[in-house]
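Worksheet: one structure, shown below.
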Amino acid sequence: MSQSGAEGGKRFVLPASQFQQVFDALKRLGYQIIAPTLLDEAIVYEPVESVDELPAGFTDEQRAGVYRLKRRADKALFGYAVGPRSWKHYLYPPRQRLWQAKRDGNGGFQVIPEQEQIPRYAFVGVRACELAAIAIQDRVFLGEQHHDEYYRRRRENALLVAVNCVYPAGNCFCSSVGTGPRVQEGFDLAITEVLDGKSHFLVIEVGSERGAAVLEGVDVQTATEEQWQQAQQAVDSAARRILKHLDTTDLKELLYRHLDSPHWEAVAKRCLTCSNCTMVCPTCFCHTVEDITNLQGTVAERWRRWDSCFHIDFSYIHGSPVRVSEASRYRQWITHKLASWQDQFGTLGCVGCGRCITWCPVGIDITEEIRALRRSEEGRVAPTVPQEESHANT
Amino acid sequence: MVPRPFRLRQVRRETHDTFTLELEPADGSDSFCFRAGQFNMLYVFGVGEVPISISGNPTNPHVLMHTTREVGTVTKAMGKLRSGDVVGVRGPFGTPWPVEHAEGADVVIVAGGIGLAPLRPALYHLLAHRDRYGKIVLLYGTRTPGDILYRRELQRWRAQFDLEVHITVDRALSGWRGNVGVVTSLIARAPFDARNTVALVCGPEIMMRFTVLELQRRGVSPSHIYVSLERNMKCGVGMCGHCQLGPFFVCKDGPVFSYNKVQHLLEKREI
Amino acid sequence: MRTLETVLAEHPFFAGLEQRYLQIIVGCASNVVFEKGQIIFREGEEANRFYLIRQGRVALEVHAAGIGTLTIQTLDAGDILGWSWLVPPYRWHFDARAVELTRAIALDGECLRRKCEEDHDLGYELLKRFAEIITQRLQATRLQLLDVYGAEGHISRRGGT
Ligand SMILES: Cc1cc2nc3c(=O)[nH]c(=O)nc-3n(C[C@H](O)[C@H](O)[C@H](O)COP(=O)(O)OP(=O)(O)OC[C@H]3O[C@@H](n4cnc5c(N)ncnc54)[C@H](O)[C@@H]3O)c2cc1C
Ligand code: SF4
Ligand code: SF4
Ligand code: FES
């Protein structure tokens, strides 16, 4: 990809009221804009035409198992964190036809790869954790040995307009896993929204030539040092407001040590294996395929569909699934995200976006489960010697 | 990553539920190169796609062979195909048997049931380079004498090459003169030098676990024991996630693993 | 001609057994030969001996109406045939038939039991050897019971134990 870090990138400023200029420039360059907008009581990424469709003046309250929209006192354009949808909806759609096969009349068939018209996407409002998630899915789908054409075609042309988080939500823990709240790399443009009593402006960093090309048609000014500092402070204060924490020391070994832990049974009592967490997770990549035919049986199609390690038939091999119990499926999920992912792709499979916590109907919290595992170890390593001593004293 | 159409030159019934397909590219094009132990994703038009090991001769890339046992939707539909029909092929995928690594050593092949299919290419290779190996021993267990695969070929090989073949069945009617008992019971007496042996094992997972125990009892080091594993597979290239076994994608890190790499995982439940 | 004692000593079952025990055991031993197809013992008969197979192959069989005669295990040179003589009610559980010409050493069970009662050290030595064989056969039988190659698959028993 042509995006690069912000170092040396130019910094501009644009009044928030003029943001539509950026949208217009994107459209002129042939991009289809996907941006946050309100839909069904949540902020989701959808195709939009105008800045007016952004959820200005809204924010989101997020807790374990809870997502609630609220009005803000101001008109911030990006005054919220991440919603139930992630950019993988567009780079790696939930359902995708891969190819068709047509009978040729003498026992054979011809395979026709999917010739789809893929829009040139401009993703507006990509958060730091989401940039990290996209980089992670790049490793999955654009590997050295094999790469996925369908993903590549979407990814290659997508323009990423990142937004620094100023109002993290209650389940965010990007700072624990080193992905946010400040965007660092992998963007074409990066915006910091500054809103104080007097002014409302956007500081825009350029991360790539493609990004610079967008700004060519926009009336931006070079940002002053003061404006830049204001933007920095806004993000710094966001970082201080992130309260959720995941201790990543020794994380892989911790999970590998606990493959037989009775704790999984305890989680399984609460887990509904509904797979919400994997669907909302911006890094989960598992999928299955479906083969269908038309009624005459002359045309067959192969579709790919998101799948989840929580589904019982995910691990099916003739006779029985490998992971039958709920406990084994929860263990697979969390162990994959935080441990085996590191072996497979050299990175955590979690970017700390908090979606799986928010959208879990029973509020299971990945950071809490890790804490519980650590506690179970403390119990074991610290024997009851001090207690016995105190007994002796009484 | 779309399937390539291959035409069935011939369908051979091996047993009541197992058949071998002989395939060639439908477009009349080039040959199909693979390494012993690798597999393809085979697609039956409109029905589905399943991982099936290549069972043919790696030194003859002009015919692609697959031996399949009918167990469910796709494999049963595959069993209804006739010569002239076409299947889709994606592959070859996965890691091979370490036949080069085994040069200079005795090779013990332990197969259970359909597990002989992925091992046959290894046998072809070993016999094609017979002088590079010490003793070659095939220990093969099936359910009944009627389930023995490649019977004539095994007889021919036994007559033609320096190859020990011991077959055992779980049960037999009294006409059967061969061994009855589990394949693990053949290991104790098989003629090989345990300290300089590479073992290739494929069969049901339980059979492999017991086989490995017996091999270790004979003194074969776990790092010289290789197993071929089976997991649900949808993509074959490490992207669908279905075949995960701990840190491994069985489709690309396997299916052939050295046993000491996977032992700790196979000992865990439901992993 | 090799003596019965050396033949005994060379059989894997007695490998490493002390000379003085071998001398005791040899008193209960005799050479036997079974023609191809010959029944060695039948289910339900009194079990008063066991055999060290030296050459050939023996099939253990069961009869069942509607199935016929089923071979459930074969034993070859080096194997032990029969331990029903060890435990009451001293009856064979299967038929044993020589599949080919088979040479073996028969050991008189009653004679051995008596000697073991007289010398518990000998009894312990023998029981250890039998225990190992019985365990191996039990494991094998369990595997066979799992029917791992069966149509409904080994896989349903995957994971665990
Ligand atoms: C690397 C590899 C090599 C294999 N080689 C052979 C071979 O050479 N010959 C042979 O007969 N079989 C082989 N198998 C097993 C074969 O893939 C399954 O028997 C087949 O997938 C069953 O599909 P089905 O639709 O007939 O059965 P169903 O029971 O209807 O299966 C439904 C689905 O479950 C999955 N599935 C079921 N059983 C298995 C299984 N055992 N392994 C993986 N996925 C499964 C498949 O996705 C299948 O489409 C191999 C499996 C793997 C992983
Ligand atoms: S595991 Fe949860 S917190 Fe981590 S990236 Fe996925 S959805 Fe976000
Ligand atoms: S195995 Fe589970 S956690 Fe891992 S990518 Fe797949 S669905 Fe996500
Ligand atoms: S089969 Fe898809 S990841 Fe291995």
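The chains referred to below are lettered A, B, ... by the order of the sequence lines, with proteins before strands, and numbering in each begins at 1. What you see below is based on every heavy atom in this structure, not just the backbone, and it leaves out hydrogens, waters and symmetry mates.
For B/E49 against A/R302, the heavy-atom pair with the smallest separation is OE1-NH1, 3.0 Å. The nearest pair of heavy atoms linking B/G241 to A/C286 is CA-SG, 3.6 Å. For the residue pair A/H318 and B/V71, the shortest heavy atom distance occurs at CE1-O, 2.9 Å. Between A/Y316 and B/N232 the shortest heavy-atom distance is O-ND2, 2.7 Å. Nearest heavy atom pair, residue B/R7 against residue A/N106, reads NH1-O, 3.4 Å. Considering every non-hydrogen atom in both B/V2 and A/P113, the closest pair reads CG1-CB, 4.2 Å.
Surrounding CZ of B/R4 are more than 12 heavy atoms belonging to other residues, nucleotides or ligands, all under 6.0 Å away. Shown here is A/Q110, whose CD atom has no more than 12 heavy atoms of other residues, nucleotides or ligands within 6.0 Å.
Of the listed residues (A/T288, A/I112, A/V289, A/D343), the one with the most heavy-atom contacts under 4.5 Å to chain B is A/T288. Counting heavy-atom pairs closer than 4.5 Å to chain B, the top residue among A/E149, A/E301, A/H287, A/E114 is A/H287. The candidate with the highest count of non-hydrogen atom pairs below 4.5 Å against chain A, out of B/G238, B/C243, B/G46, is B/G46. In terms of heavy-atom pairs under 4.5 Å with chain B, the best-connected choice from A/Q342, A/R304, A/H147 is A/H147. Between chain A and the residues B/K252, B/K234, B/M239, the largest count of heavy-atom pairs under 4.5 Å involves B/M239. Taking chain A as the reference chain and counting heavy-atom pairs below 4.5 Å, the highest number among B/P3, B/G72, B/A26 is found for B/P3.
No side-chain donor-acceptor contact under 3.5 Å links B/E230 to the backbone of A/I317. No donor-acceptor pair under 3.5 Å is formed between the side chain of A/H336 and the backbone N or O of B/G246.
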Apply the test side-chain hydrogen bond (donor to acceptor under 3.5 Å, both in side chains) to residues A/S340 and B/Q244: give CA-CA distance (whole Å), side-chain angles for both, the deciding distance (0.1 Å), then the verdict.
-> CA-CA 10 Å; A/S340 39; B/Q244 286 178 80; 4.8 Å; no
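In this pair, A/F285 and B/F249 present their aromatic rings tilted. The plane angle is within the 30 to 60° band.
When heavy atoms are compared at a cutoff of 4.5 Å, B/I271 approaches chain A by way of both its backbone and its side chain. For A/Y151, no part lies under 4.5 angstrom from a heavy atom of chain B. Only the backbone of A/S315 comes within less than 4.5 Å of a heavy atom in chain B; its side chain stays farther off. For chain B, no part of A/Y92 is nearby; none of its heavy atoms comes within less than 4.5 Å.
Using a 4.5 Å heavy-atom cutoff, the side chains of B/E270 and A/Q332 are not in contact. Side-chain contact between A/Q145 and B/V237 is absent, with no heavy atoms from C-beta onward closer than 4.5 Å. Side-chain contact between B/Y43 and A/V111 is absent, with no heavy atoms from C-beta onward closer than 4.5 Å.
Qualifying side chain to side chain contact (heavy atoms under 4.5 Å, CB included) partners for A/R257, counting only residues two or more places apart in sequence or in other chains: A/D250, A/E253, A/L254, A/E377. Looking at residues two or more places apart in sequence or on another chain, you find a ring-ring contact (aromatic ring centres under 6.0 Å, His included) between A/Y90 and A/Y121.
Scanning residues 84-93 of chain B against chain A with a 4.5 Å non-hydrogen threshold yields B/G84, B/D85, B/V86, B/V87, B/G88, B/F93, sorted by number. Residues of residues 95-104 of chain A that come within less than 4.5 angstrom of chain B, heavy atom to heavy atom, are A/W99, A/A101, A/K102, A/R103 in numerical order.
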